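A short worksheet on the structure shown next.
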Amino acid sequence: MAQFSSHTDDSILWQHFRVGDEEAYTELTRRYYRKLIHYGRKFTPNVQLVEDSLQDVLVHLWLHRRTLNDTPSVKFYLLKSFRNQLFKTLKTNPDRIELDSRFDELQPEFSSEEVYIQQETDQSFRAKVGELLAQLPERQREVIYLRFFQGLRPEEIAELLTIKPQSVSNILQRALANLRENWPISLFIVLLLLL
């Protein structure tokens with residue numbers, strides 16, 4: 001079995017995982033577990049339900065690894081699989097709730113030094129971002145999250161949400177227009193640079 005690191009390309013990990021390499025599977029899981037849990041918490045604050053759904057996906061992937069196709073984007077494949085499973089679980093759960101409005105946790109990942117500096121210098125700015133994002137309609141928040149925080153292309157978002165790419169562009173434009181409307185232009189430009 002090969003040795004993998006955080007620098008190993010997703011496509012290489014996926015190829016090795018599909019033929020049964022446990023180390024490749026472990027590295028993929030390590031790489032995406034936290035991101036997927038974070039994404040799932042946008043739909044429900046029930047962390048146990050989110051974790052259970054993700055575990056179901058991971059077990060399913062391992063059990064069916066030899067029948068999985070190659071994918072141009074492992075990240076997209078995992079997001080889509082997890083989203084489908086989570087929605088299936090939410091439909092059968094009586095505590096079902098819609099997209100969570102808590103965007104205070106919705107920050108890109110930084111090194112510990114950057115996190116400390118960011119916390120010290122822009123606490124009120126992040127609070128304002130959270131307030132404004134929380135005011136967006138559910139679909140706009142999700143598209144903003146997938147586009148800017150997960151880095152998905154509009155075509156991938158369209159496939160994930162089962163809508164047309166043009167609809168993704170329209171939703172994104174409306175979301176940005178809503179944010180621009182509520183912010184002075186200088187703060188809006190800073191927000192775009194951060195995203």
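Values in this document were obtained by computation on a predicted structure and should not be read as measured data.
Separation of atoms CH2 (Trp62) and CZ (Arg65) is listed at 4.0 Å; rounding is to 0.5 Å. For the atom pair OG1 (Thr162) and CZ (Arg83), the distance works out to 7.0 Å, reported to the nearest 0.5 Å.
Listed by chain and number, the residues in a side chain to side chain donor-acceptor pair (under 3.5 Å) with Glu27 are Arg30, Arg31 (sequence neighbours excluded). Applying the side chain to side chain contact (heavy atoms under 4.5 Å, CB included) rule to Gln135 yields the partners Leu132, Asn182; only residues at least two apart in sequence or on another chain are considered. In this structure Ser169 satisfies the side chain to side chain contact (heavy atoms under 4.5 Å, CB included) test together with Gln166, sequence neighbours excluded. Arg147 meets the salt bridge (charged side-chain N to carboxylate O under 4.0 Å, His left out) test with no other residue; sequence neighbours excluded. Listed by chain and number, the residues in a ring pair (Phe, Tyr, Trp, His ring centres under 6.0 Å) with Tyr32 amount to none (sequence neighbours excluded). Under the ring pair (Phe, Tyr, Trp, His ring centres under 6.0 Å) criterion, His64 pairs with His60, sequence neighbours left out. In terms of the side chain to side chain donor-acceptor pair (under 3.5 Å) criterion, residue partners of Asp9 (sequence neighbours excluded) are, by chain and number, Ser11. By the side chain to side chain donor-acceptor pair (under 3.5 Å) test, Gln15 is found to be paired with no residue, residues two or more places apart in sequence or in another chain being considered. Applying the side chain to side chain donor-acceptor pair (under 3.5 Å) test to Arg18 and every residue at least two apart in sequence or in another chain returns nothing.
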Subject >> Derivation of the side chain to side chain contact (heavy atoms under 4.5 Å, CB included) call for Ile171 and Ile144 >> reply: CA-CA 9 Å; Ile171 291 168; Ile144 289 275; over 6 Å; no
Original post:
Would Tyr33 and Gln55 satisfy side chain to side chain contact (heavy atoms under 4.5 Å, CB included), going step by step from the backbone distance to the final call?
Top reply: CA-CA 9 Å; Tyr33 191 89; Gln55 289 299 325; 3.3 Å; yes
**OP:** Step by step, work out the side-chain hydrogen bond (donor to acceptor under 3.5 Å, both in side chains) result for Thr89 and Gln85.
**Re:** CA-CA 6 Å; Thr89 303; Gln85 178 61 44; 3.2 Å; yes
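Note on Phe82 and Val47: separate hydrophobic clusters, where clusters join Ile, Leu, Val, Met, Phe, Trp and Tyr whose side-chain heavy atoms are under 4.5 Å apart, directly or indirectly.
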Under 3.5 Å, side-chain donor or acceptor atoms of residues 153-160 against the rest of the protein: list the pairs with distances, not counting sequence neighbours.
| residue | atom | partner | partner atom | Å |
| --- | --- | --- | --- | --- |
| Arg153 | NH1 | Glu156 | OE2 | 3.4 |
| Glu156 | OE1 | Arg153 | N | 3.0 |

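Using a 4.5 Å cut-off on side-chain heavy atoms (C-beta onward), Leu161 and Leu146 make contact. In this structure, Val74 and Thr71 have side chains that are in contact, with non-hydrogen atoms separated by less than 4.5 Å. For the pair Tyr25 and Leu58, the minimum side-chain heavy-atom distance is below 4.5 Å. Inter-residue side-chain proximity for Asn84 and Val57 is flagged as unmet; no heavy-atom pair is nearer than 4.5 Å. Proximity of Ser53 to Leu90: side-chain heavy atoms (C-beta onward) are nowhere separated by under 4.5 Å. In this structure, Leu49 and Phe43 have side chains that are not in contact, with every pair of non-hydrogen atoms separated by 4.5 Å or more. Between Tyr77 and Asn69 the shortest side-chain heavy-atom distance does not fall below 4.5 Å. The shortest distance between side-chain heavy atoms of His38 and Tyr145 falls below 4.5 Å.
Listed by first and then second residue, the salt bridge (charged side-chain N to carboxylate O under 4.0 Å, His left out) pairs that reach into residues 164-177 come to none, sequence neighbours excluded. The salt bridge (charged side-chain N to carboxylate O under 4.0 Å, His left out) analysis of residues 44-59, with sequence neighbours excluded, yields no pairs.
Between Trp14 and Phe17, the angle of the ring planes lies from 30° to 60°, which puts this pair in the tilted group.
Under the 3.5 Å distance criterion, the side-chain polar atoms of Ser167 are left unmatched by any main-chain donor or acceptor of Ile163. A donor-acceptor contact shorter than 3.5 Å links the side chain of Lys75 to the backbone of Gln150. Looking only at distances, a side-chain donor or acceptor of Thr8 sits under 3.5 Å from a matching main-chain atom of Ser5.
In plain terms, the two heavy atoms of Asn178 and Pro137 that are nearest each other are ND2-CD, 4.2 Å.
Taking the six-membered ring for Trp and the full ring otherwise, the centers of Phe4 and His16 sit less than 6.0 Å from each other.
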